[in-house]
Number of protein chains: 2
Amino acid sequence: MAHFFREKLKEKGLKVTPQRVAIYEAIVNLKNHPTAENVIEYVKTNHPNISVGTVYKVLDSLVENELLKKVKTEKDIMRYDAVLSNHHHLYCTETERIEDYEDENLNEMISNYFKNKKIKNFKVQDIKLQITGKFNK
Amino acid sequence: MAHFFREKLKEKGLKVTPQRVAIYEAIVNLKNHPTAENVIEYVKTNHPNISVGTVYKVLDSLVENELLKKVKTEKDIMRYDAVLSNHHHLYCTETERIEDYEDENLNEMISNYFKNKKIKNFKVQDIKLQITGKFNK
DNA sequence: TTCTTAAATAGGAATCATTATCTTTTAAAT
DNA sequence: ATTTAAAAGATAATGATTCCTATTTAAGAA
């Protein structure tokens, strides 16, 4: 996993730094689509001197280079996702919990639907579901 | 429309103030899911003394009372929607444009799909599509 | 209509996530 | 080992949003 990431960095012409690796691993390990602050806290256990600005800069550049994604929320605090494959999100109405939801059949159904049904004046590139509700327990 | 809004405010036990009416009308008139700043600018043409804090507070309370909705984005600036009926959003990859997308057939297909396919440990309350792509022109 | 009062607004200071700036360090190519 | 552009660190600045408090007002009661 770290190997995949190192390769990807090189591909994109980005230097492989310990900070970048640590930040990426933080996103992977921290489930629930962490905030920058979550990442900083996590990374500081192994890199106590890491700078806040560095974390923000790295997150931005990884998103720009498609190694991470931002998660759309109704909050002004950004959250990140290391899962790049096509998937949807379950949003809890009562907490900040956000979980990934993968469903091949659903993807296929939707992609079929939009093969026929065109949206006028709009070229669809990607479709994601925001599924809002309540987790049990 | 203003009438509907006044009634709704009363229903919720909220006072009908000129500021609230103006802010609500701003959201309705400003297409493209305005930010708080867009609203402030718009409302100031008729209410030059309106306070920034008031706009934020009103927006919050209208969202809380289900007279407005927040739009999920990847930005740290909040955007609002006065359309309460079930609809989806078209997000432009290149600009900040976000348009409503209504599609009864789609709603039905998805709701049928989730009538059978249950998500484990999760009770679905609402499903929205984020459709990302490019507008023509 | 006037009175009463809790709710709402105005104005401005404070907060806090994020950005920007500038200096020092470092990855990695030569 | 040298070189150098890129990256990181430290910290100041920014800007959207929230907080605070005095003043005003909507709306029910008299």
Side-chain angles (χ1 to χ4, degrees), chain A residues 2 5-27 33-44 46-65 67-68 70-80 96, chain B residues 2-3 5-24 26-27 33-44 46-65 67-68 70-80 96:
Chain A
F5 179 66
R6 283 159 193 277
E7 285 310 307
K8 276 287 188 183
L9 284 179
K10 283 182 195 161
E11 245 174 61
K12 300 280 181 174
L14 298 172
K15 289 184 182 171
V16 177
T17 66
Q19 290 88 343
R20 283 180 173 154
V21 173
I23 289 165
Y24 180 76
E25 285 179 342
I27 307 273
H33 307 89
T35 64
E37 208 194 306
N38 297 149
V39 172
I40 292 164
E41 190 190 349
Y42 186 94
V43 171
K44 279 209 166 158
N46 286 317
H47 295 74
N49 294 328
I50 197 161
S51 170
V52 170
T54 298
V55 174
Y56 280 100
K57 248 179 302 176
V58 168
L59 289 172
D60 270 7
S61 105
L62 297 184
V63 169
E64 205 167 322
N65 287 282
L67 289 164
L68 290 179
K70 285 188 180 179
V71 178
K72 285 188 173 65
T73 71
E74 290 170 7
K75 291 283 164 60
D76 58 356
I77 300 173
M78 228 52 66
R79 296 175 67 170
Y80 297 87
E96 302 302 305
Chain B
H3 184 259
F5 180 65
R6 284 159 193 275
E7 286 309 308
K8 276 287 188 186
L9 284 179
K10 283 181 196 163
E11 244 174 60
K12 300 281 181 176
L14 298 172
K15 289 184 182 172
V16 177
T17 66
Q19 290 88 343
R20 283 180 173 153
V21 173
I23 290 165
Y24 180 75
I27 307 273
H33 307 89
T35 64
E37 208 193 306
N38 297 149
V39 172
I40 292 164
E41 189 189 351
Y42 185 94
V43 170
K44 280 209 166 157
N46 287 317
H47 295 73
N49 294 329
I50 197 160
S51 168
V52 169
T54 299
V55 174
Y56 280 100
K57 243 179 307 174
V58 168
L59 289 172
D60 270 6
S61 106
L62 296 184
V63 169
E64 204 167 322
N65 287 282
L67 290 162
L68 290 179
K70 286 187 179 180
V71 179
K72 285 187 173 67
T73 71
E74 290 170 6
K75 292 282 163 62
D76 59 356
I77 299 173
M78 228 50 66
R79 295 176 66 170
Y80 297 87
E96 301 303 306

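When rounded to the nearest whole Å, the span between CG of Leu59(B) and C1' of dA16(D) equals 13 Å. Note: CG (Leu9(B)) to C1' (dA26(D)) measures 12 Å, nearest angstrom. In this structure, Asn49(B) atom CG and dT25(D) atom P are separated by 11 Å, rounded to whole Å. In this structure, the NZ atom of Lys57(A) is 15 Å from the P atom of dT26(C), given to the nearest Å. Separating the CG atom of Leu62(B) from the P atom of dA7(C) is a distance of 17 Å, rounded to the nearest angstrom. Protein atom NE2 of His47(B) is 17 Å distant from nucleotide atom P of dT24(D), rounded to whole Å. Going from atom NZ of Lys15(B) over to atom P of dT25(D) covers 12 Å, rounded to whole Å. When rounded to the nearest whole Å, the span between CZ of Arg6(A) and P of dA27(C) equals 11 Å.
Put simply, the side chain of Arg20(A) gets close to the backbone of Lys15(A): a donor and an acceptor are under 3.5 Å apart. Side chain of Arg79(B) to backbone of Val71(B): no donor-acceptor contact under 3.5 angstrom is found.
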Give me, pair by pair, the N or O atoms of the protein and of nucleotides 12-18 of chain C that are less than 3.5 Å apart, along with how far apart they are.
residue: dT18(C); atom: OP1; partner: Met78(A); partner atom: N; Å: 2.9
residue: dT18(C); atom: OP2; partner: Tyr56(A); partner atom: OH; Å: 2.6

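Between Gln19(A) and dG9(D), a side-chain N or O to OP1/OP2 separation shorter than 4.0 Å is present. Within the 4.0 Å cut-off from OP1 or OP2 of dT9(C), at least one side-chain nitrogen or oxygen of Thr17(B) is found.
A distance of 10.5 Å separates NZ in Lys72(A) from NZ in Lys70(A), rounded to the nearest 0.5 Å.
Within the nucleic acid shown, Pro18(B) comes within 4.0 Å of sugar-phosphate atoms alone, with no base atom in reach, counting heavy atoms only.
The 12-atom threshold is not exceeded at NZ of Lys75(A), counting heavy atoms of other residues, nucleotides or ligands nearer than 6.0 Å. Other residues, nucleotides and ligands contribute only 12 or fewer heavy atoms inside 6.0 Å of the CD atom of Glu37(A).
Looking at Lys44(A) and Glu41(A), no side-chain N of the basic residue comes within less than 4.0 Å of a carboxylate O on the acidic one, giving no salt bridge.
With Ile27(B) as reference, Val39(B) is the one residue of Val43(B), Val39(B), Leu67(B), Asn38(B) to meet the side-chain contact (heavy atoms from CB on, under 4.5 Å) rule.
Taking every side-chain heavy atom of Thr54(B) into account, dT9(C) is the closest of dT9(C), dA26(D), dA6(D).
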